[in-house]
2 protein chains.
Amino acid sequence: MANRRIRPERAYEPKDIDALDLRLLTELQADARLSLAELGRRVALSAPAVADRVQRLEESGVITGYHAEVDPRALGFPVTVMVRVRPAVRELQRISKLAQEVPQIVECYRMTGEDCFYFTMHLRAVDELEPILDLFTPYGQTTTSLIHTAPVPRRPLPLD
Amino acid sequence: MANRRIRPERAYEPKDIDALDLRLLTELQADARLSLAELGRRVALSAPAVADRVQRLEESGVITGYHAEVDPRALGFPVTVMVRVRPAVRELQRISKLAQEVPQIVECYRMTGEDCFYFTMHLRAVDELEPILDLFTPYGQTTTSLIHTAPVPRRPLPLD
DNA sequence: AATGAAAGTCGTCGGTT
DNA sequence: AACCGACGACTTTCATT
């Protein structure tokens with residue numbers, strides 16, 4: 001067998017993030033459209049100082065993006081589905097690739113356990129479900145759940 | 001048994017969203033900090049017109065927020081865990097409540113199937129896992145997976 | 001429903017502490 | 001690392017179409 005060296009992702013390095021950075025991150029997680037001036041008022045810093053810090057957080061990869069959150073139902077996607085996949089042997093890559101190619105899938109993760117993939121998708125109707133699942137069944141066993149409610153809707157990381 | 005009337009959430013109503021709105025939503029999903037002026041340039045509309053439309057999308061609940069996305073690992077949460085819960089009888093409410101109360105949990109959903117809750121959390125170390133799972137085990141059976149990678153990192157709803 | 005113009009606010013840059 | 005001041009850009013409001 002080939003000598004496969006495993007290269008772990010760079011281990012966790014606590015970039016030097018201070019309490020002020022955490023406050024800025026908390027504010028921006030709650031409202032990404034706050035002006036730099038308003039952020040400055042909230043943390044008692046001038047706008048240029050805030051701009052510097054935010055730019056540093058972006059460039060160091062702490063902030064990875066700013067996104068409007070939309071309600072899929074309001075946009076004609078009333079059905080949200082979570083699918084777990086237990087892959088057949090040697091089909092891991094194919095499942096990753098398929099997930100990337102199906103636009104209705106808004107996230108897919110690889111994890112430990114038998115069902116080592118899961119993905120979430122938003123559909124215009126339940127009719128859309130079967131043809132999508134049929135894309136995956138050749139390469140693994142799927143378990144599908146319709147999402148009803150969100151006891152905890154997506155919320156920010158607590159940074160206190 | 002009491003007469004329990006089930007009130008469904010208001011059925012999906014296609015709010016009048018036109019192609020221009022969808023373009024604005026696509027832009028704001030990709031970059032929530034775009035200025036109204038820049039949005040206007042991209043969709044060939046004046047800044048006040050964009051401001052009107054965006055405000056309408058916010059007030060009608062299509063846009064539910066603007067959030068900075070952060071990398072949990074860069075902030076000292078190198079462990080991401082997905083937990084499914086198969087509740088014991090009559091313990092559904094208690095599980096919802098617990099999920100709300102554990103700050104490391106960043107989302108929790110109720111769904112169809114035997115494991116009818118799932119939640120995701122970010123931890124500073126695997127040591128944190130056991131005490132959190134122990135909060136839930138009195139009320140249901142948990143299945144835990146460590147998340148490795150994201151074949152599809154969170155991405156916007158396709159609105160074409 | 002969108003535009004153009006005006007007033008106030010904001011982002012950015014250079015220089016300073 | 002943060003502040004200040006200045007200029008250009010942006011946001012917001014209002015009158016107009």
Side-chain angles (χ1 to χ4, degrees), chain A residues 10 12-76 156-157 159-160, chain B residues 10 12-76 156-157 159-160:
Chain A
R10 176 198 292 151
Y12 160 62
E13 304 175 1
K15 310 205 171 55
D16 38 8
I17 289 168
D18 64 18
L20 236 34
D21 289 328
L22 294 180
R23 288 176 64 193
L24 292 173
L25 289 168
T26 298
E27 297 289 349
L28 285 171
Q29 283 191 96
D31 183 358
R33 283 183 74 77
L34 286 171
S35 69
L36 300 177
E38 175 59 24
L39 283 168
R41 271 173 233 120
R42 298 194 182 184
V43 305
L45 222 53
S46 68
V50 173
D52 280 353
R53 282 172 175 266
V54 170
Q55 191 181 359
R56 215 192 71 238
L57 291 167
E58 291 167 1
E59 290 171 353
S60 66
V62 175
I63 295 175
T64 56
Y66 304 95
H67 306 289
E69 183 179 36
V70 301
D71 179 358
R73 287 172 302 175
L75 289 163
L157 261 186
L159 300 176
D160 325 323
Chain B
R10 176 198 294 151
Y12 160 62
E13 303 176 0
K15 311 203 170 58
D16 38 8
I17 290 169
D18 63 18
L20 236 34
D21 290 327
L22 295 181
R23 289 176 63 192
L24 292 173
L25 290 168
T26 299
E27 297 288 348
L28 285 171
Q29 284 191 95
D31 183 359
R33 282 183 75 76
L34 285 172
S35 70
L36 300 175
E38 176 59 24
L39 284 167
R41 270 172 235 123
R42 296 192 183 185
V43 305
L45 222 55
S46 67
V50 173
D52 280 353
R53 281 173 177 265
V54 171
Q55 190 180 0
R56 215 193 70 236
L57 291 167
E58 290 167 1
E59 289 172 354
S60 66
V62 175
I63 294 174
T64 56
Y66 304 96
H67 306 290
E69 183 180 35
V70 301
D71 178 359
R73 288 172 303 174
L75 288 163
L157 260 186
L159 300 176
D160 325 324

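Numbers restart at 1 for each chain; the letters A, B, ... are given by sequence-line order, proteins then strands.
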Starting at the 5' end of DNA chain C and moving along, which residue's nearest nucleotide shows up first, A:Glu38 or A:Pro48?
A:Glu38
Of the candidates D:dC3, D:dT12, C:dA2, the side chain of B:Ala49 sits closest to C:dA2
Answer with base, sugar-phosphate or nothing: what part of the nucleic acid does B:Arg41 contact at a heavy-atom distance below 4.0 Å?
sugar-phosphate
A:Ser35 side-chain proximity, nearest of C:dG11, D:dG5, C:dA2:
C:dG11
Measure the distance from CG on B:Leu34 to P on D:dA9 and round it to the nearest whole Å.
18 Å
Quickly work out the B:Gln55 CD to C:dA2 C1' distance and round it to whole Å.
15 Å
Over how many whole Å does the gap from A:Arg33 atom CZ to C:dC10 atom P extend?
14 Å
Which is more 5' along DNA chain D, the nucleotide nearest A:Arg53 or the one nearest B:Leu36? Just name the residue.
A:Arg53
Do the charged groups of A:Glu38 and A:Arg41 touch, with an N to O distance under 4.0 Å?
yes
B:Leu20 atom CG is separated from C:dA2 atom C1', nearest whole Å, by 11 Å
Integer-rounded Å distance: D:dA2 P and A:Leu24 CG:
10 Å
A:Leu45 side chain: which of D:dT12, D:dC3, C:dT12 is closest?
D:dC3
Check whether any side-chain heavy atom of B:Arg53 lies under 4.5 Å from a side-chain heavy atom of B:Leu39, and answer yes or no.
no
Atom CG of B:Asp52 and atom C1' of D:dT11 are separated, to the nearest Å, by 12 Å
Roughly, in whole Å, what's the span from CZ in B:Arg56 to C1' in C:dA1?
10 Å
For the CG atom of A:Leu25 and the CD1 atom of A:Ile17, what is their distance to the nearest 0.5 Å?
6.5 Å
Hey, are B:Asp71 and B:Arg73 close enough for a salt bridge, meaning a charged N less than 4.0 Å from a carboxylate O?
yes
